[in-house]
Participant: 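The structure follows.
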Protein chains: 2
Amino acid sequence: MTRPGKGAAKRDRLVAAARTTIYQQGVEKTTLADIAAAADVPVGNVYYYFKTKDELVAAVLDSYRASYGLISAELDREPTPDGRLKAFTRFWIERREQLTAHGCPVGSLSSELDKRDDDELRPQAGTVLRLLIDWSEEQFRALGRPDARELAVALIAAYEGVVLLANTLRDPGLITTEARRVERWIGTLAR
Amino acid sequence: MTRPGKGAAKRDRLVAAARTTIYQQGVEKTTLADIAAAADVPVGNVYYYFKTKDELVAAVLDSYRASYGLISAELDREPTPDGRLKAFTRFWIERREQLTAHGCPVGSLSSELDKRDDDELRPQAGTVLRLLIDWSEEQFRALGRPDARELAVALIAAYEGVVLLANTLRDPGLITTEARRVERWIGTLAR
DNA sequence: GTCTATAGACCGATAGAC
DNA sequence: GTCTATCGGTCTATAGAC
């Protein structure tokens, strides 16, 4: 949701800095000073672009929604539905080091946002995860599976779960092994 | 790690209060005042039992380790390994409302502790998750599976993953559906 | 051992100069 | 539009009376 005009560059820099910093440190432990420093912007100036810290977090969630668009477009270049699903498991393996170091960006943020009182932010986190589930469901449905939704939830759950385990146990090998296991599983559904 | 003597009751009350409060609000958002109030203990008195807040969090992780012992003992009452694994999936369904409301106690805490700088606490969170994986591995091995470790990681990942999805999307039905799917999967491994 | 009061540090947000 | 200086509030941790 980048606005046009001069301020856009600085605003984008703030969102990018917030995204990285929050991914690595969590929302609660990340201060506006951290973000401003990473974006090379004076602290007080942040409030010209965002009324509150939460509004900046909302912009980060927006940027994750945009990232989902890029990733799904990349996966959709595979010609078959099972090829697209398998490309998704290869994606885990490619990113395994970062996922092991800091977890899933959307998953860990969703988990943290849940701990807040009311929050209008958690439903927004849900939207991003739902996009991923919906995309998977489409692929399973194209494979002719009537239980496509259930399988889609299982796939994304396997992803989020194994990333949490790899992250906590600091073992990227868990992601590789599970990705290959899920890839074989997709293969059995495709015939 | 309960010590004997008079102070034990108050200490236990503090750990129990910390466990609940941290589960619902997260570590970072939970203040010592919150915990002390929930335990009905004056704030400053907390420091008689715990030198720092982190030491209290460590005691909570210890209490999760103890809970694991109770749960695995309960599951081990089933006569067959596949029966024990299936009992575990029934456990998800029984607790689905709480899991949907606040996530997995150990999973969400592990995820949050990862975001801290150095932390000697994250390895302790890993210990609890590892106990669960080890227990599952034993059951798969008793079923004669040479890939028992891999299946154990897949099982715990499915659990942690679907709880994260159910929590973020506020949909306990996801847990029920996935638990039944995993239960059928265990059935196919048992023959 | 128990509790109160407060020190000391930090953070989100604002006021206002330029 | 940009930046500095700072206020008000909150939190962990400690000092010290009882």
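Quick note on labels: first sequence line is chain A, next is B, and so on, each numbered from 1. Because the structure is predicted, anything quoted here is derived from the model rather than measured. Worth knowing before you read on, the calculation uses all heavy atoms, side chains too, and leaves out hydrogens, waters and symmetry mates.
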Participant: Find the distance Lys29(A):NZ to dA9(C):C1' and express it as a whole number of Å.
Facilitator: 14 Å
Participant: In terms of relative ring orientation, are Phe88(B) and Trp92(B) parallel, tilted or perpendicular, with 30° and 60° separating the classes?
Facilitator: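 If you compare the ring of Phe88(B) with that of Trp92(B), the planes turn out perpendicular.
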Participant: Could you tell me whether the side chains of Ser136(A) and Arg149(A) share a donor-acceptor contact shorter than 3.5 Å?
Facilitator: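 No, no side-chain donor-acceptor contact under 3.5 Å.
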Participant: Using whole Å, what does the distance between atom P of nucleotide dT10(D) and atom CG of Asp34(B) come to?
Facilitator: 12 Å
Participant: Please report the distance, rounded to the nearest Å, between CD in Gln25(B) and P in dC11(D).
Facilitator: 10 Å
Participant: Is the backbone N or O of Leu164(A) less than 3.5 Å from a side-chain atom of Glu160(B), with the two atoms forming a donor-acceptor pair by type?
Facilitator: no
Participant: Counting only side-chain heavy atoms from C-beta out, which of dC3(C), dT2(D), dA13(D) sits nearest to Thr52(B)?
Facilitator: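 From the listed options, dA13(D) comes nearest.
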Participant: Using whole Å, report how far CD1 of Ile35(B) lies from C1' of dT12(D).
Facilitator: 12 Å
Participant: Whole-Å distance between dC11(D) P and Glu28(A) CD?
Facilitator: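 Distance check: Glu28(A) CD to dC11(D) P gives 12 Å.
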Participant: Using only atom types and a distance under 3.5 Å, with no angle test, would you say the side chain of Ser111(A) pairs donor to acceptor with the backbone of Gly107(A)?
Facilitator: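 Judged by distance alone, no pair lies under 3.5 Å.
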Participant: Please give, in whole Å, the distance from dT2(C) P to Leu14(B) CG?
Facilitator: 11 Å
Participant: Please report, rounded to the nearest Å, how far the P atom of dA13(C) is from the CG atom of Asn45(A).
Facilitator: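 In whole Å, dA13(C) P lies 15 Å from Asn45(A) CG.
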Participant: Can you tell which of dT2(C), dT4(C), dT12(D) lies closest to the side chain of Lys10(B)?
Facilitator: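 Of the candidates, dT2(C) comes closest.
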Participant: Closest approach to the side chain of Tyr47(A), judged atom by atom: which nucleotide of dT2(C), dG1(D), dA13(C) is it?
Facilitator: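 Nearest to the side-chain atoms of Tyr47(A), counting from C-beta on, is dA13(C).
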Participant: Which nucleotide sits closest to the side chain of Thr31(B): dC3(C), dC11(D), dA13(D)?
Facilitator: dC11(D)
Participant: dA13(C) C1' sits how many Å from Tyr48(A) OH, rounded?
Facilitator: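 Whole-Å distance recorded here is 18 Å.
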Participant: Less than 4.0 Å between a side-chain N and a carboxylate O, is that true for Asp147(B) and Arg141(B)?
Facilitator: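 Salt bridge absent between Arg141(B) and Asp147(B).
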Participant: Of the options dA13(C), dC3(C), dT2(D), whose atoms approach the side-chain atoms of Lys53(A) most closely?
Facilitator: dA13(C)
Participant: Could you please name the option among dA13(C), dT4(C), dA13(D) that lies closest to any side-chain atom of Leu32(A)?
Facilitator: dA13(C)
